[in-house]
Amino acid sequence: MDGAEFHAAVYETVRTIPNAHVTTYGHIAKLIGMPRHSRHVGQALKFLNPDTNPPVPWHRVIGSGGTISSRGPGTDGASRQRDALVAEGVEVVETRGGEFKVDLRQYGWFPTVPAPAELPPDENEENGP
DNA sequence: ATCATGACGTGCA
DNA sequence: CTGCACGCCATGA
C-alpha cells in the first residue's frame, strides 16, 4: 500500500458515507485496515480540491468525539465544513471554545470493517510471544 | 540518520 | 466540561 493507494482507499471509503451522516478519521483508518493512520486520513483529505472528480464528501469526516478540526485559526475550513453539514441536515453545535461539534450518537456512521485488507483473518490467535 | 510536523486518538487530572 | 501528555506514523527539511 503506497501513498496513492492509501489516498484512493480513503476516498472510496469516504464516498460510502451516507448523506446526513458523519464518521471519524480513526474509523476511516480502521475501514482501510490501518487503524493507526488516523492522522494520515486527514493528510489525504487535504489533497482534495473543489474540482475533484468524482467528488468526495470530505465534510462528513470529523474527529473523535464529534469535533470538527479547526485546521488553524486563520483558515475557514471548519466553518465551510459546518456549513456543508448543516446544508445536509446535520445538526452542528458550537462549543464555548468556538469549536464545532456533531452528535455522533445521532449522525454517527460506524459500519463494521468489511475486510481486514491484505491481512486475512487467522482463526488461530493463540500464538502469543 | 535525526528532528519537527500534523484535517488524530486515548488516557488522565 | 477543559486542558495537557503521550502514542502513533508518513512526510519533508
Side-chain angles (χ1 to χ4, degrees):
Chain A
M1 166 99 61
D2 57 9
E5 289 190 39
F6 182 82
H7 284 196
V10 170
Y11 300 154
E12 285 185 33
T13 305
V14 170
R15 271 198 286 271
T16 63
I17 305 174
N19 190 291
H21 284 261
V22 296
T23 191
T24 66
Y25 299 96
H27 199 81
I28 295 293
K30 278 184 183 178
L31 291 179
I32 66 181
M34 304 180 90
R36 313 291 182 166
H37 290 60
S38 51
R39 306 182 93 126
H40 305 284
V41 173
Q43 280 291 115
L45 295 184
K46 220 168 52 165
F47 282 71
L48 292 173
N49 301 316
D51 62 330
T52 303
N53 191 300
V56 177
W58 58 270
H59 52 275
R60 294 176 189 154
V61 185
I62 60 183
S64 92
T67 59
I68 295 179
S69 303
S70 62
R71 271 100 112 180
T75 62
D76 60 336
S79 57
R80 286 190 295 112
Q81 180 166 3
R82 179 190 70 94
D83 194 56
L85 287 175
V86 171
E88 289 187 349
V90 177
E91 183 180 1
V92 182
V93 299
E94 186 172 5
T95 67
R96 192 181 62 185
E99 278 187 313
F100 300 117
K101 285 202 339 191
V102 177
D103 188 352
L104 292 180
R105 294 172 305 184
Q106 185 171 357
Y107 301 102
W109 179 77
F110 303 99
T112 52
V113 179
E118 302 183 30
L119 279 179
D122 190 348
E123 56 274 18
N124 285 343
E125 295 192 10
E126 298 306 304
N127 190 15

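This is a predicted model, so every value here is computed, not measured. Every heavy atom of this structure was used, including side-chain atoms; hydrogens, water molecules and symmetry mates were not.
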Below 4.0 angstrom from OP1 or OP2 of C/dT11, is there any side-chain N or O of A/His40? no
Nearest-nucleotide pick for A/Arg96, side chain only, options being B/dG9, C/dT2, B/dA7: C/dT2
Interatomic distance, A/His59 NE2 vs B/dA7 P [rounded to whole Å]: 19 Å
Remember a base hit wins even if backbone is also touched, and classify A/Arg36 as base, sugar-phosphate or nothing at under 4.0 Å, heavy atoms. sugar-phosphate
Whole Å only: how far is the NE2 atom of A/His37 from the C1' atom of B/dT10? 18 Å
Minimum-distance pair of heavy atoms, taken over all atoms of A/Met1 and A/Glu5: SD-C, 3.8 Å
Is there a donor and acceptor pair closer than 3.5 Å between the side chain of A/Arg39 and the base of C/dC8? yes
When A/Val14, A/Ile17, A/Thr23 are each screened for side-chain contact (heavy atoms from CB on, under 4.5 Å) with A/Arg60, the one that passes is A/Ile17
Without decimals, in angstroms, what is the distance between A/Tyr25 OH and B/dT10 C1'? 17 Å
N or O in side chain of A/Lys101 less than 4.0 angstrom from C/dC1 OP1/OP2: yes
Measure the distance from NZ on A/Lys46 to C1' on B/dC8 and round it to the nearest whole Å. 13 Å
A/Arg71 side chain near A/Gln81 side chain, heavy-atom distance below 4.5 Å: yes
With sugar-phosphate meaning primed atoms plus P, OP1 and OP2, does A/Ser38 contact a base, only sugar-phosphate, or nothing at under 4.0 Å between heavy atoms? base
I want to verify a distance call: between C/dT2, B/dC8, C/dC8, whose nearest atom is closest to the A/Thr95 side chain? C/dT2
Write down the distance between CD (A/Glu99) and P (C/dG3), rounded to a whole number of angstrom. 8 Å
A/Arg80 CZ to B/dA7 P: how many Å, rounded? 14 Å
As a quick check of understanding, evaluate side-chain contact (heavy atoms from CB on, under 4.5 Å) for A/Phe110 and A/Leu104, giving each step before the final call. CA-CA 9 Å; A/Phe110 303 99; A/Leu104 292 180; 4.2 Å; yes
In whole angstrom, what separates A/Ile28's CD1 from C/dC9's C1'? 18 Å
Any A/Val10 side-chain heavy atom under 4.5 Å of A/Thr13 side chain: no
Starting from P on C/dG12, measure out to CZ on A/Phe47 and report it in whole angstrom. 7 Å
Sugar-phosphate only, base, or nothing, as touched by A/Ser70 at under 4.0 Å among non-hydrogen atoms: nothing
